[in-house]
Amino acid sequence: MKKCSILLLAAIMLVASAFSTMAAEKLIVYTSMKESIIGSLKEGFTKKHPDIAMDYQSAGAGKLMAKVATERQSGKIMADVIWTSEVPDFFNMRAEGILEKYESPELKYLINPFSDYDGTFTAVRLGTLGIAYNTRYVKQAPTQWSDVTKPEYKKAFGIANPALSGTAYMSIQLLVDKFGWEYIEKISKNGGRIGKGSGQVVDDTASGDLLACIGVDYIVNDKIKKGASLALAYPPEMLVIPSPVAIFKGTPNLDAAKKFVDYLLSEEGQKILAEQGTLPVRKGIIPPKEYNLPTSEEAFERGIKIDYQKVLTEKEASIKKFTDIMMSK
């Protein structure tokens with residue numbers, strides 16, 4: 001009798017577990033954030049919401065948008081949420097009507113870089129890019145963007161391919177808006193090199209294959225934390241690129257998606273971002289001193305201003321022009 005009771009209890013627990021699994025909310029996030037960031041946020045989010053089974057796919061913004069396009073043609077976008085750093089994509093998706101409007105209750109605590117904000121997408125972080133350089137070979141830190149066009153950086157300065165990296169494209173567009181295409185021409189004449197992705201050019205700088213590159217804050221800081229001989233210099237004109245998050249319209253997991261957006265913007269989520277060496281959008285959260293980052297407020301003030309709608313129409317032509325200039329040497 002005792003054995004039957006134990007077996008019955010085990011069967012009940014198994015059924016209950018199965019129902020619990022079936023009842024759990026699901027959430028799929030497409031993101032261009034690196035594993036160090038999205039992995040830490042997933043851990044925190046699932047602890048806070050154990051009833052939500054979250055998964056994510058991390059890839060370059062270009063690959064993710066191609067995936068979304070293919071899925072739209074098949075009739076169903078598999079993701080609930082998208083979070084990348086290629087701001088023009090979000091303007092495109094908004095214009096196409098595929099984003100759900102959602103204004104998080106956390107919004108009142110944030111720096112909002114979008115003047116025409118309507119709730120279809122919200123900045124999660126202020127990504128900063130500076131001149132990452134190898135401290136073994138570069139003894140005098142660069143202080144101006146023009147420094148990397150000097151002879152000492154000949155054939156030794158890298159920029160990620162803007163066709164593959166959203167942050168690379170936006171950084172080039174910001175520099176061109178500020179200094180003109182003449183600046184890219186000077187980099188090309190000095191032997192500037194195109195790398196595959198934002199992580200690769202930083203790796204090549206850490207190895208000494210390059211002396212410097214345009215480096216994304218958290219990628220460079222993660223390498224420094226692991227012992228790389230790197231430093232990140234910020235010229236007065238800062239490259240500040242928001243990383244927006246958005247919910248796809250029609251998602252069957254809308255409640256879970258809203259909870260994830262809220263978590264990203266919450267004090268806990270924003271502190272995780274700061275600890276990863278990038279700037280939060282939540283006011284009053286200061287990144288650890290070891291990263292030598294400006295405050296979010298300072299970065300926002302120093303950041304080169306840009307017309308995102310203009311960038312939207314110029315993207316394809318800008319990438320082609322950049323590639324043509326860099327390949328002409």
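These numbers come from a predicted model, not from an experiment. All residue numbers refer to positions in the sequence shown, counting from 1.
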Taking every heavy atom of T205 against every heavy atom of A132, the minimum-distance pair comes out as CG2-O, 3.9 Å
Please step through side-chain hydrogen bond (donor to acceptor under 3.5 Å, both in side chains) for the pair S165 and S198, ending with a clear verdict.
-> CA-CA 7 Å; S165 166; S198 298; 3.0 Å; yes
Counting heavy atoms not belonging to K315, are there more than 12 under 6.0 Å from its NZ?
-> yes
Under 3.5 Å, is there a donor-acceptor pair between the side chain of S328 and the main chain of I325?
-> yes
Show your working on side chain to side chain contact (heavy atoms under 4.5 Å, CB included) between M65 and M93 and close with a plain yes or no.
-> CA-CA 10 Å; M65 289 310 298; M93 290 188 286; 3.8 Å; yes
Return the minimal non-hydrogen interatomic distance between L41 and Y263, and the atom names on each side.
-> O-CE2, 3.6 Å
Between D51 and K26, is a salt bridge (charged side-chain N to carboxylate O under 4.0 Å, His left out) present by the stated rule, with each step listed?
-> CA-CA 9 Å; D51 56 322; K26 294 182 179 179; over 6 Å; no
In Å, rounded to the nearest 0.5 Å, how long is the span from CD1 of I77 to CD1 of I82?
-> 8.5 Å
Derivation and outcome, side chain to side chain contact (heavy atoms under 4.5 Å, CB included), residues T251 and E100 | CA-CA 9 Å; T251 169; E100 181 79 32; 5.8 Å; no
Is there a path of hydrophobic side-chain contacts, each under 4.5 Å between heavy atoms of I, L, V, M, F, W or Y residues, that connects V124 with I286?
-> no
Rounded to the nearest 0.5 Å, how far does CG of N92 lie from CD of E86?
-> 9.5 Å
Kindly work out whether a path of hydrophobic side-chain contacts (I/L/V/M/F/W/Y, heavy atoms less than 4.5 Å apart) joins M326 to L164.
-> no
CG of L174 to CH2 of W145, rounded to nearest 0.5 Å, is 9.5 Å
Distance-only, no hydrogens or angles: does the E237 side chain make a donor-acceptor pair with backbone N or O of I304 under 3.5 Å?
-> no
Worked verdict on S318 versus Q173 for side chain to side chain contact (heavy atoms under 4.5 Å, CB included) | CA-CA 8 Å; S318 291; Q173 197 66 59; 3.0 Å; yes
Mark yes or no for whether R136, through its side chain, and A206, through its backbone, hold a donor-acceptor pair below 3.5 Å.
-> yes
Any side-chain heavy-atom pair from V261 and I247 closer than 4.5 angstrom?
-> yes
Output the distance between atom CD (E301) and atom CD1 (I111), rounded to the nearest 0.5 Å.
-> 9.0 Å
Whether S32 side chain and A59 backbone form a donor-acceptor pair below 3.5 Å | no
Any salt bridge between K258 and D262, counting N to O under 4.0 Å?
-> no
Under 3.5 Å side-chain donor-acceptor pair for S58 and E35 | no
For the pair T120 and Y102, evaluate side-chain hydrogen bond (donor to acceptor under 3.5 Å, both in side chains) and give the outcome as yes or no after the intermediate values.
-> CA-CA 6 Å; T120 47; Y102 176 57; over 6 Å; no
Any side-chain heavy-atom pair from P280 and S296 closer than 4.5 angstrom?
-> yes
Roughly how far, to the nearest 0.5 Å, is the CG atom of L232 from the CD1 atom of I224?
-> 6.5 Å
Answer yes if the ring centres of F121 and F114 are under 6.0 angstrom apart, and no otherwise.
-> yes
Measure across A212 and Y153 and return the closest heavy-atom pair with its distance rounded to 0.1 Å.
-> CB-CE2, 3.7 Å
Of the options L264, I285, L279, I37, which is the one that meets L273 in a side-chain contact (heavy atoms from CB on, under 4.5 Å)?
-> I37
Do D204 and K196 sit within salt-bridge range, that is, some charged N less than 4.0 Å from a carboxylate O?
-> no
Evaluate whether atom OH of Y109 has more than 12 neighbouring non-hydrogen atoms of other residues, nucleotides or ligands under 6.0 angstrom away.
-> no
Taking the side chain as every heavy atom from C-beta outward, state whether V202 and L230 have any pair of such atoms under 4.5 Å apart.
-> yes
Counting only N and O atoms by type, is there a donor-acceptor contact under 3.5 Å from the side chain of K305 to the main-chain atoms of R302?
-> no
Identify whether the distance between the nearest side-chain nitrogen and carboxylate oxygen of E71 and K67 falls below 4.0 Å.
-> yes
Which pair of heavy atoms, one from P244 and one from S85, lies closest together, and at what distance?
-> CD-CA, 4.5 Å
Hey, mind stepping through R125 and D217 against salt bridge (charged side-chain N to carboxylate O under 4.0 Å, His left out) and telling me if it holds?
-> CA-CA 11 Å; R125 71 181 185 101; D217 50 18; 3.7 Å; yes
Minimum heavy-atom distance between I159 and I214, given as atom pair plus value | CG1-CD1, 4.0 Å
CZ of R193 to CD1 of I187: how many Å apart, nearest 0.5 Å?
-> 13.5 Å
Report yes or no: does S40 contribute a side-chain atom to a donor-acceptor pair with the main-chain N or O of S36 at less than 3.5 Å?
-> yes
Is any NZ, NE, NH1 or NH2 atom of the basic residue among E43 and K47 found under 4.0 Å from an Asp or Glu carboxylate oxygen of the other?
-> yes
Are Y56 and I272 co-members of a hydrophobic cluster defined by side-chain heavy atoms under 4.5 Å apart?
-> yes
Are more than 12 heavy atoms from other residues, nucleotides or ligands located less than 6.0 Å from atom CD of Q140?
-> no
Can you tell me which residue pairs pass the ring pair (Phe, Tyr, Trp, His ring centres under 6.0 Å) test with a partner in residues 238-260, sequence neighbours excluded?
-> F45-F260
Salt bridge flag under 4.0 Å for residues D118 and R94 | yes
Is the backbone N or O of A231 less than 3.5 Å from a side-chain atom of T135, with the two atoms forming a donor-acceptor pair by type?
-> no
Should we count NZ of K139 as having more than 12 external heavy atoms under 6.0 Å?
-> yes
Might you work through the side chain to side chain contact (heavy atoms under 4.5 Å, CB included) test for T84 and Y30, ending with a clear yes or no?
-> CA-CA 8 Å; T84 77; Y30 287 173; over 6 Å; no
Between K259 and E25, is there a salt bridge with N-O shorter than 4.0 Å?
-> yes
Do other residues, nucleotides or ligands put more than 12 heavy atoms under 6.0 Å from the NZ atom of K42?
-> yes
Please answer whether the main-chain N or O of Q144 pairs with a side-chain N or O of D147 as donor and acceptor at a distance below 3.5 Å.
-> yes
N-O pairing of R282 and E106 below 4.0 Å | yes
Contact summary for V216 and L129, nearest pair of heavy atoms | CG2-CD2, 3.7 Å
Establish, yes or no, whether a centroid distance under 6.0 Å links the rings of F322 and Y169.
-> no
Does Q270 reach the main-chain N or O of V281 with its side chain, forming a donor-acceptor pair under 3.5 Å?
-> yes
Would you call K271 and E267 a salt bridge, using N to O less than 4.0 angstrom?
-> yes
Whether over 12 other heavy atoms sit under 6.0 Å from E290 CD | yes
Output yes when a side-chain donor or acceptor of Y291 lies under 3.5 Å from a complementary backbone atom of E275, and no otherwise.
-> yes
With side chains defined as the heavy atoms from C-beta onward, is the minimum distance between T122 and Y117 less than 4.5 Å?
-> yes
